[in-house]
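Take a look at the structure below.
Every chain is numbered from 1, with letters handed out A, B, ... down the list of sequences.
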Amino acid sequence: MIKIKFPDDSVREYEQGITALQIAESISQRLAQEVLAASVNGETWDINRPIQENSTIQLLKWEDDEGKHAYWHSSAHLMAEALQELYPGIKFGIGPAIENGFYYDVDPGEGVTIKESDFPAIENKMMELIAKKEEIIRQDISKSEAIDMFSNRNENYKVELINELEDGTITTYSQGNFTDLCRGPHLPNTSYIKAVKVLSAAGAYWRGDEHRPQLTRLYGITFPKKKLLTEYLELLEEAKKRDHRKIGKELELFAFSQNVGVGLPLWLPKGTQLRLKLEEFLKHIQQQFEYQQVMTPHIANKQLYITSGHYAKYGKDSFQPMKTPVEGEEFMLKPMNCPHHCEIYKVIPRSYKDLPLRLAEFGTVYRYEQSGELHGLTRVRGFTQDDAHIFCTPDQVKGEFLKVVDIIFIIFKALDFKNFEAQISLRDPENKEKYIGSDENWNKAESAIVEACKEKGLPAKVELGEAAFYGPKLDFMVKDAIGRRWQLGTIQVDYNLPERFELEYTGADNQKHRPVMIHRAPFGSMERFVALLIEHTAGKFPIWLAPTQVIILPVSEKFNDFANELSKTYIRQGIRVEIDDRNEKVGRKIRDNELKRIPYMLIIGEKEVENNEVSVRKQGGEDLGTMKSTIFAENLLKEVDEMMTIDINK
RNA sequence: GCCACAAUAGCUCAGUUGGUAGAGUAACGCAUUCGUAACGCGUAGGUCGCGAGUUCAAGUCUCGCUUGUGGCUCCA
């Protein structure tokens, strides 16, 4: 007999060799039906794998990430099995479970492509295999056996993976005629899967290396109930409605023109209004944090980027230098603001008393992003960073870092960005030659970031090898409507540029010292931030940002003149007003659609005109009754003012 | 840049096996007019992304390009 301990610390005794599934059965039939995987002494196991010794166990269901993971991982195998039947000779790469579903990278062979139109056939084959209720069987095999097995089947991708594994740790999972190299865990059989959907096909380089063959990545998702699949697909449809590209067009916020060029956004009047309010908001905060605003040109002599080191690294992938009438003279569009700010630093000799020096600029930069990378406002070729560079002493780094984190928190709170993730990007210790700067400086910078996060109680994921070539960074990531992660706020420590630009300050010891530079952009870029803001709010902006704050509706043509006068008065006071004077030509349903993104609606009829009043409805339909038009304006301006003015001491 | 898919009126989309280009909505005009659940009549709007090819005939088939979309790689 062995002792099995449960999450609630209760202990039961079972026969040696019992499985998690049998344990579940001993508790309740319902549980046995729902359990998908089990955590055994902290390791995730198949539920039909015999347990030989005293263990701590947790039964994992669909609601548990590990349960879902096993479920989707088995689904990936199921799709692979279906593909193997439909495309003889197909070779397999890797096929993991992901956040929503799973994928499998496959090489269907020379000249064979798997297209969207083939998806139904794949789905049907999967359903067929499910109906067979095939057992999924785990097997330990030796490295040489594994190599033999997969070599015989020409599975060169798998053989490559096996070669990197240690003998004695290799397992395979089989179902029907399909056997895959796999660590598991998996479902006991294929019949657990009830609803399948192949979602998309995409190219993916083998092992993420663009110099290696490109495989076909098939994305799919499965569910234990048909209804869950339907709901998921509906959710995706709903999410599409929040797409910033769609809303940006509908609300006339921004546009693109092929004549201007791909990836170069045109900010329309309403979008500009929104963006300017955000800039004003950040300027106000920065003022309180003692930043100084600067302005620099959009181009610079190529030499500036040779000095900064950027030309060597990015020169050939950038917008190419432009020539001048002077032979040999070349200028570049600026891809970042840092070198310009370094030059500002150097204009006058600096003392330790000047530090920290915080230079801020809404700086527009141009980067030649790969054509396939461009995406709405989130990835463009010309964009404006809410940039600032903090020049400080090494001792001030941590303190300044913490203050920047505060600014980012203030912004995310004011705009209700709750689900952000923080990521600390450090260098890859295996590949130090990829980075510029001394070991000592890197270690200092990296520990400053890690400590600062700890002090702020900010749970941050640490990623090795994700650092910029000049220094480590802390990024804030936010998800878009369909769950893609985008980097917004960023704080980067840089010991490199001060070195290259030979920046100095005179210390209290009357000696020259090198300052440290912190790059930071709380929004990241205005373009990307606005994009994510649109997706988070679905275009229903808080009143201080709303491109249109008030819409005036005269109920009849007779009152159009009054409405027009009122609108002019409001606009002069700085309220953003629109008139809908189509009167009753337009039905309420249309108006509701049109108005759902506008905070206030003012209805003008006979009574209102007589008394110089407005009947106010709030976004969503709440009736606030009638009031003097001047009172409404005063209240609105006061409300906006309060939202714009953040007191950092609170 | 690579893989897959797409492109028809300002917007959302239909257009069968190749046979002269359609709807809704928005815009404009006339008529109507008091708290909105699409008033009526009318007008205008398209080189079917661009360029070749096949054909008596191409929105539809083939090829190339452009732009967009979902991924991969990249992201100073």
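Between the side chains of A/T296 and A/E361, at least one donor N or O lies within less than 3.5 Å of an accepting N or O. Counted by atom type alone, A/N612 and A/K628 present zero donor-acceptor pairs between their side chains at under 3.5 Å. The closest side-chain donor-acceptor pair between A/H389 and A/N337, if any, does not fall under 3.5 angstrom.
Comparing B/A57 with B/G53, their P atoms sit 12 Å apart, to the nearest whole Å. B/U43 and B/A7 have their P atoms separated by 31 Å, given to the nearest Å. Spacing between B/G42 and B/C5 at atom P, rounded to whole Å, works out to 45 Å. A distance of about 41 Å separates the P atoms of B/C65 and B/A26, rounded to the whole Å. A gap of 27 Å separates the P atoms of B/G71 and B/C63, to the nearest Å. On the C1' atoms, B/G46 is 16 Å away from B/C50, given to the nearest whole Å. B/A6 and B/U12 have their C1' atoms separated by 16 Å, with the value rounded to a whole Å. For the C1' atoms, the distance from B/U32 to B/U67 is 45 Å, rounded to whole Å.
Sequence neighbours left out, the pairs with a member in residues 302-322 of chain A that pass salt bridge (Lys or Arg N to Asp or Glu O under 4.0 Å) are A/K302-A/E330. Contacts classified as salt bridge (Lys or Arg N to Asp or Glu O under 4.0 Å) and involving residues 212-223 of chain A (residues at least two apart or in different chains) are given here: A/D105-A/R217, A/E160-A/R212.
Under the 4.0 Å criterion applied to side-chain N and carboxylate O atoms, A/E250 and A/K246 are assigned as salt-bridge partners.
The A/V555 side chain lies nearest to B/C34 when the options are B/A76, B/C34, B/G70. If you check B/U69, B/G35, B/G1 against the side chain of A/K607, the one that comes closest is B/G35.
Residue A/R484 is in sugar-phosphate contact alone, with no base atom involved, counting any heavy-atom pair closer than 4.0 Å across all strands shown. Within 4.0 Å of A/Q385, counting heavy atoms only, lies no atom of the nucleic acid at all. At a threshold of 4.0 angstrom between heavy atoms, the contacts of A/G376 are confined to the sugar-phosphate backbone, with no base atom among them. The residue A/Y470 sits close only to the backbone: its heavy atoms come under 4.0 Å of sugar-phosphate atoms, none of a base. Residue contacts for A/F256: at a heavy-atom cut-off of 4.0 Å it reaches no nucleic acid atom on any strand shown. Using a 4.0 Å heavy-atom distance criterion, A/H519 is classed as making no nucleic acid contact.
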### Summary
Per-residue pairing states of RNA chain B in dot-bracket (Watson-Crick or G-U under 3.5 Å; . unpaired, | other strand) read (((((((..((((.....[..)))).((((.........)))).....(((((..]....))))))))))))....
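In this structure, A/L374 and A/F559 both approach RNA chain B, and ranking their closest nucleotides by distance from the 5' end singles out A/F559. Nearest-nucleotide assignment on RNA chain B puts the 5′-proximal partner with A/I604, out of A/I604 and A/A467.
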Write out a two-atom table: protein N or O, nucleotide N or O from nucleotides 63-65 of chain B, distance below 3.5 Å.
none

Could you go over nucleotides 2-6 of chain B and give all protein N or O partners under 3.5 Å, atom names and distances?
from, atom 1, to, atom 2, distance (Å)
B/C2, O4', A/Y205, OH, 3.4
B/C2, O2', A/Q214, OE1, 2.1
B/C2, O2', A/Q214, NE2, 3.4
B/C2, O2, A/Q214, NE2, 2.9
B/C3, O4', A/Q214, OE1, 2.8
B/C3, O2, A/G203, N, 2.9

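Note: CG (A/D317) to P (B/C75) measures 10 Å, nearest angstrom. Note: NE2 (A/H375) to C1' (B/G68) measures 11 Å, nearest angstrom. As a whole-Å value, the separation of A/D580 CG from B/U33 C1' is 15 Å. Here the P atom of nucleotide B/U69 and the NZ atom of A/K240 are 13 Å apart, to the nearest Å. Summarising the geometry, the separation between CG on A/L218 and C1' on B/G70 is reported as 13 Å, rounded to the nearest angstrom. Taking atom CZ of residue A/F319 and atom C1' of nucleotide B/A76, one finds them 15 Å apart after rounding to whole Å. Separating the CE atom of A/M517 from the C1' atom of B/A76 is a distance of 12 Å, rounded to the nearest angstrom. In this structure, CG of A/D209 is placed 11 Å from C1' of B/C72, rounded to the nearest angstrom.
In this structure, A/Y157 has its ring center at least 6.0 angstrom away from the ring center of A/F92. A/F102 and A/H73 have their aromatic ring centers separated by at least 6.0 angstrom. A/Y305 and A/F331 have their aromatic ring centers separated by at least 6.0 angstrom. Ring pair A/W206/A/H211: centre-to-centre distance not below 6.0 Å. Ring centroid separation for the pair A/F632 and A/Y600 comes in under the 6.0 Å cut-off.
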Side-chain donor-acceptor pairs of residues 468-479 of chain A under 3.5 Å, sequence neighbours excluded:
from, atom 1, to, atom 2, distance (Å)
A/Y470, OH, A/Q492, OE1, 2.1
A/D475, OD1, A/T490, OG1, 2.7
A/K479, NZ, A/E99, OE2, 3.0

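Judged by distance alone, with hydrogens and angles left aside, A/R379 brings a side-chain donor or acceptor within reach of the base of B/C75, the pair sitting under 3.5 Å. Between the side chain of A/S200 and the base of B/G71, no donor-acceptor pair under 3.5 Å is found. Side-chain atoms of A/E606 come within donor-acceptor range of the base of B/C34, with a qualifying N/O pair under 3.5 Å.
The closest side-chain heavy-atom distance from A/V530 to A/L253 is not below 4.5 Å.
Residues meeting the side-chain hydrogen bond (donor to acceptor under 3.5 Å, both in side chains) test with A/K68, sequence neighbours left out: none. A/Y205 meets the side-chain hydrogen bond (donor to acceptor under 3.5 Å, both in side chains) test with no other residue; sequence neighbours excluded. Under the side-chain hydrogen bond (donor to acceptor under 3.5 Å, both in side chains) criterion, A/K270 pairs with A/E578, not counting sequence neighbours. Looking at residues two or more places apart in sequence or on another chain, you find a side-chain hydrogen bond (donor to acceptor under 3.5 Å, both in side chains) between A/Q423 and A/S425.
Classified by interplanar angle (parallel below 30°, tilted 30° to 60°, perpendicular above 60°), the ring pair A/Y435/A/W442 is perpendicular.
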### Query
Reading nucleotides 9-14 of chain B from the 5' end, what letters show protein touch, with B for base, S for backbone sugar-phosphate only, - for no heavy atom under 4.0 Å?
------
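Within residues 258-272 of chain A, the residues having any heavy atom closer than 4.0 Å to RNA chain B are, in order of number, A/Q258, A/V262.
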### Message
Applying side chain to side chain donor-acceptor pair (under 3.5 Å) to A/E608 and A/S615, what does each step give before you reach the verdict?
### Response
CA-CA 7 Å; A/E608 286 78 6; A/S615 282; 2.6 Å; yes
